[in-house]
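First up is the structure itself, then whatever we jot down about it.
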Amino acid sequence: MIIEADWDDADAAVRTAVRREQMALERRRAYRAADHDEHTVLVFDLRTLRGDTGELTLKDLGDGRVLVRCRIGALGSESAETALVGEIVERLHELAGKDYAPLPG
């Protein structure tokens, strides 16, 4: 899914979304494109309460666009993937153009 968002908010949005979806971040990797000084791809290894592993990828496409991809479980779990991506998108929209935003109850 490609969304309009501030790349600087990616880490914060992921951490909030993972916590809300009761998953754990096991590892975070950051990569740079050859023509950039900043990180342009973030990859997170996840684990669900059921013990399934997953991978979440965010990529800075430039011009305020971010690609969000998620795969959970060996065969995929559409409901878990949709819920996590939805949480990330919602938080990125809450943070858009702001330095911070309170977490809704």
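Worth saying up front: this structure is predicted, and the values here are computed from it rather than measured.
- Under the side-chain hydrogen bond (donor to acceptor under 3.5 Å, both in side chains) criterion, E4 pairs with no residue, sequence neighbours left out.
- Under a hydrophobic-cluster definition in which Ile, Leu, Val, Met, Phe, Trp and Tyr are linked whenever side-chain heavy atoms come within less than 4.5 Å, directly or via other members, W7 and M1 are assigned to the same cluster.
- Between L103 and R19, some side-chain heavy-atom pair lies under the 4.5 Å cut-off.
- The shortest distance between side-chain heavy atoms of L46 and E55 does not fall below 4.5 Å.
- Hydrophobic cluster of L61: the remaining members, joined at side-chain heavy-atom separations below 4.5 Å, are I2, L67, listed by chain and number.
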Compile the donor-acceptor pairs under 3.5 Å between side chains in residues 73-83 and protein atoms, sequence neighbours left out, one pair per line.
| residue | atom | partner | partner atom | Å |
| --- | --- | --- | --- | --- |
| E81 | OE2 | I72 | N | 2.9 |
| E81 | OE2 | S77 | N | 3.1 |
| T82 | OG1 | E78 | O | 2.8 |

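- Separation of atoms CZ (R27) and OG1 (T53) is listed at 13.0 Å; rounding is to 0.5 Å.
- Residues passing the side-chain hydrogen bond (donor to acceptor under 3.5 Å, both in side chains) test with D45 are R29, sequence neighbours excluded.
- Annotation: side chain of L95 is not in contact with side chain of D6 (no heavy-atom distance under 4.5 Å).
- The side chain to side chain contact (heavy atoms under 4.5 Å, CB included) test with L58 is passed by exactly one of V41, V43, V14: V14.
- Of all heavy-atom pairs between A30 and L42, the closest is CB-CD2, 3.7 Å.
- Sequence neighbours left out, the pairs with a member in residues 9-18 that pass salt bridge (charged side-chain N to carboxylate O under 4.0 Å, His left out) are D11-R28.
- Nearest heavy atoms, C70 versus L56: CB-CD1, 4.0 Å.
- In this structure, R65 does not pair ionically with D63, as no charged nitrogen and carboxylate oxygen lie closer than 4.0 Å.
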Under 3.5 Å, side-chain donor or acceptor atoms of residues 86-93 against the rest of the protein: list the pairs with distances, not counting sequence neighbours.
| residue | atom | partner | partner atom | Å |
| --- | --- | --- | --- | --- |
| E87 | OE1 | R20 | NH1 | 3.3 |
| R91 | NH1 | E94 | OE1 | 2.7 |
| R91 | NH1 | A101 | O | 3.4 |
| R91 | NH1 | P102 | O | 3.4 |
| R91 | NH2 | A101 | O | 2.6 |

